[in-house]
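The structure under discussion appears below in the form of structure tokens.
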2 protein chains.
Amino acid sequence: MSETDSCIIRHFRHYANLTESDEALLDSLEREPREVERGEALWQTDDPAGRFCTLSKGWAYSFRDMEDGSRQILEIYLPGDVIGLREFAFQERLAGVMMFDDGVVCDFPHRRLLEVFRESFTLSMIFFAVSSQQQALLTERLVNLARRSARQKVAHLIYEMYMRLQRIMPHATRRFRLPLSQQQLGDALGLTSVHISRTLSGFREDGLLIRERQWVELLDPDALAREAEFAGRYLRDGLGPIAGE
Amino acid sequence: MSETDSCIIRHFRHYANLTESDEALLDSLEREPREVERGEALWQTDDPAGRFCTLSKGWAYSFRDMEDGSRQILEIYLPGDVIGLREFAFQERLAGVMMFDDGVVCDFPHRRLLEVFRESFTLSMIFFAVSSQQQALLTERLVNLARRSARQKVAHLIYEMYMRLQRIMPHATRRFRLPLSQQQLGDALGLTSVHISRTLSGFREDGLLIRERQWVELLDPDALAREAEFAGRYLRDGLGPIAGE
DNA sequence: CGGGCGGTTGAAGTGCATCAACTGATGTGG
DNA sequence: CCACATCAGTTGATGCACTTCAACCGCCCG
């Protein structure tokens with residue numbers, strides 16, 4: 001049934017072999033797909049938190065609005081990602097979630113995850129691993145924000161998206177869609193949109209990449225990775241030996 | 001047996017009621033305590049990752065060393081915290097871990113966690129919740145680093161430690177030990193130790209707090225929280241209704 | 001055709017870094 | 001018990017990466 005596989009099943013197969021019943025269980029989490037459009041909020045900070053969400057199609061992001069009116073983008077979600085894991089231990093949302101563009105999501109209540117825990121040991125582990133991996137992504141973003149120059153920040157974000165797209169798309173190319181405005185890039189990196197503009201112009205002049213509308217073309221991916229001090233291990237590893245159990 | 005309870009049991013009771021067998025299972029994770037001293041590394045980046053670690057005594061931190069020789073401190077661990085959850089999905093360490101001061105840790109291999117998953121549904125949930133909560137802490141740190149001024153960063157870190165200490169110590173006071181040098185505070189906040197010094201002097205002049213050796217005294221905790229735009233929900237919530245299942 | 005949003009470009013300001021000299025505690029060996 | 005070395009912290013002068021403010025442009029959409 002490989003043509004009809006949902007994103008999340010393909011994603012989870014990175015970690016371990018799934019039995020048929022595992023796949024059926026996962027499939028049942030995506031029973032009620034819902035179309036959402038660009039700019040739509042899946043939820044806001046402080047909303048009651050009782051469900052997760054899998055992203056089947058489109059790009060999304062979690063964010064926090066600051067007192068001064070600025071916005072910090074925390075995470076960028078791609079198809080196959082599970083949204084809302086962070087709030088499993090909380091009654092209310094710690095951050096809002098919005099769509100970068102049109103897409104499809106599937107909600108399921110926390111309770112369903114507990115059923116999964118009860119019924120499948122493999123899936124329990126995988127969910128735990130996915131949570132770990134999101135933590136690793138956050139960690140990398142933290143290093144990026146705390147320690148790098150604007151050029152490095154932008155280079156790192158773009159290269160990370162390039163790598164993540166390669167994971168989920170069989171034939172990703174050096175030219176890909178990146179549906180973030182310069183304002184949103186700034187919100188993700190703690191920079192102003194003005195400075196994003198200047199930085200991207202710099203990259204173009206240096207022959208590193210070309211940004212046009214919602215598209216990016218990497219002219220020299222390796223140089224970009226070097227510029228960003230990109231160490232991609234946090235994206236690569238799977239469960240490894242444990243998966244055999 | 002409340003006097004002999006280990007840190008981790010007390011910590012986990014925040015989330016749900018533990019049965020005797022749950023407690024015995026947890027206790028078995030702390031069977032081999034090991035003394036570690038100030039500055040000792042529990043592991044380094046790229047070491048093979050096959051075990052977790054509970055911190056029974058002392059303060060620890062995870063960090064990443066950058067190419068330019070600077071160091072970013074990612075997380076600060078207090079007694080009762082579980083270290084290394086992030087690398088459950090990885091073969092190698094993504095960050096080093098070091099002790100701020102002398103302490104005691106207990107190692108256990110990933111395999112033991114899987115046994116816990118198999119044997120206790122409650123503990124599975126709690127470990128998942130702990131992982132979520134660490135993610136929430138990381139998120140808050142990210143916002144802090146990306147969006148706030150040096151004054152706010154320092155204020156936020158100190159106030160967060162104040163809150164976390166209150167959680168784990170019955171009688172925490174406004175004056176508490178904070179075993180980080182100004183260099184290390186800088187490493188955690190992406191600032192130079194020089195600027196940390198100036199910022200702390202500023203707080204002293206403003207009557208907010210006094211820093212002396214390894215100690216901090218909060219003269220006006222509320223003002224400090226306001227200065228930091230501290231919103232502490234990410235520390236407070238437990239599992240809530242789910243715990244009843 | 002007009003209005004608005006996303007992006008570009010320039011000039012001026014600033015928060016923090018950098019460099020460097022100095023102080024005061026702590027520890028060590030003669 | 002003092003001379004000396006070391007390390008954490010303080011303070012001042014200078015520099016710069018990024019911000020802020022503002023004007024302007026081009027594209028898309030009603």
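By convention in this document, chain letters (A, B, ...) are assigned in the order of the sequence lines, proteins followed by strands, and residues within each chain are numbered from 1. All values reported here derive from a predicted model rather than from experimental measurement.
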Item to check | Whether Phe176(A) and Tyr162(A) hold their rings parallel, tilted or perpendicular, with breakpoints at 30° and 60° | outcome: parallel
Checklist entry - Quick check: does any side chain N or O of Ser70(B) sit under 3.5 Å from a backbone N or O of Met66(B), one acting as donor and the other as acceptor? => result no
Checklist entry - Please give, in whole Å, the distance from dT10(D) P to Arg211(B) CZ? => result 9 Å
Next on the checklist: Are more than 12 heavy atoms, taken from residues, nucleotides or ligands other than Arg38(A), located less than 6.0 Å from that residue's CZ atom?
Outcome noted: no
Item to check | Range on DNA chain C touched by chain A - first to last nucleotide, heavy-atom distance under 4.0 Å | outcome: dG7(C) to dA11(C)
Checklist entry - Between Ala188(A) and Leu157(A), which heavy-atom pair has the shortest distance, and what is it? => result CB-CD1, 4.0 Å
Next on the checklist: Using the ring centroid of each side chain, check whether Tyr61(B) and Phe100(B) are separated by less than 6.0 Å.
Outcome noted: yes
Item to check | Asp206(A) side-chain N/O to Leu208(A) backbone N/O, donor-acceptor pair under 3.5 Å | outcome: no
Item to check | Rounded distance (Å) that lies between atom P of dC18(D) and atom CG of Asp187(A) | outcome: 17 Å
Item to check | Whether Phe230(A) and His156(A) hold their rings parallel, tilted or perpendicular, with breakpoints at 30° and 60° | outcome: tilted
Item to check | Atom pair distance, as rounded to whole Å: CD in Glu212(A) and C1' in dG26(D) | outcome: 13 Å
Next on the checklist: What's Leu191(B) touching, base or sugar-phosphate or nothing? Going by heavy atoms closer than 4.0 Å.
Outcome noted: sugar-phosphate
Checklist outcome for this item: When rounded to whole Å, the CD to P distance for the pair Gln184(B) and dA8(D) reads 9 Å
Item to check | Option among Glu205(B), Glu229(B), Glu227(B) that satisfies the salt bridge (Lys or Arg N to Asp or Glu O under 4.0 Å) test with Arg151(B) | outcome: Glu227(B)
Item to check | Atom pair distance, as rounded to whole Å: CD1 in Ile210(B) and P in dG9(D) | outcome: 17 Å
Checklist entry - Is it true that Asp107(A) and Arg34(A) make a salt bridge, defined as a side-chain N closer than 4.0 Å to a carboxylate O? => result yes
Next on the checklist: In this structure, how many angstroms lie between the C1' atom of dC7(D) and the CD atom of Gln182(B), rounded?
Outcome noted: 13 Å
Checklist entry - Between the side chains of Thr139(A) and Arg86(B), does any donor sit under 3.5 Å from an acceptor? => result yes
Item to check | Under-4.0 Å side-chain N/O to phosphate OP1/OP2 contact, Thr192(A) with dT19(D) | outcome: yes
Checklist entry - If only atom types and distance count, is the side chain of Gln134(A) paired as donor or acceptor with the main-chain N or O of Ser131(A) below 3.5 Å? => result no
Checklist entry - Over how many whole Å does the gap from Arg151(A) atom CZ to dC16(D) atom P extend? => result 18 Å
Next on the checklist: Mind checking if Gly190(A) touches a base, just sugar-phosphate, or nothing, with heavy atoms under 4.0 Å?
Outcome noted: sugar-phosphate
Next on the checklist: Heavy atoms only, 4.0 Å cut-off, all strands: where does Ser149(A) land among base, sugar-phosphate and nothing?
Outcome noted: sugar-phosphate
Heteroatom pairs (N/O) under 3.5 angstrom, protein to nucleotides 11-14 of chain D:
{"from": "dG12(D)", "atom 1": "N7", "to": "Arg198(B)", "atom 2": "NH1", "distance (Å)": "3.1"}
{"from": "dG12(D)", "atom 1": "O6", "to": "Arg198(B)", "atom 2": "NH2", "distance (Å)": "3.2"}
{"from": "dA13(D)", "atom 1": "N6", "to": "Arg198(B)", "atom 2": "NH2", "distance (Å)": "3.2"}

Distances for protein N/O vs nucleotides 27-30 of chain D N/O pairs under 3.5 angstrom?
{"from": "dC27(D)", "atom 1": "O3'", "to": "Arg213(A)", "atom 2": "NH2", "distance (Å)": "2.6"}
{"from": "dC28(D)", "atom 1": "OP1", "to": "Arg213(A)", "atom 2": "NH2", "distance (Å)": "3.4"}

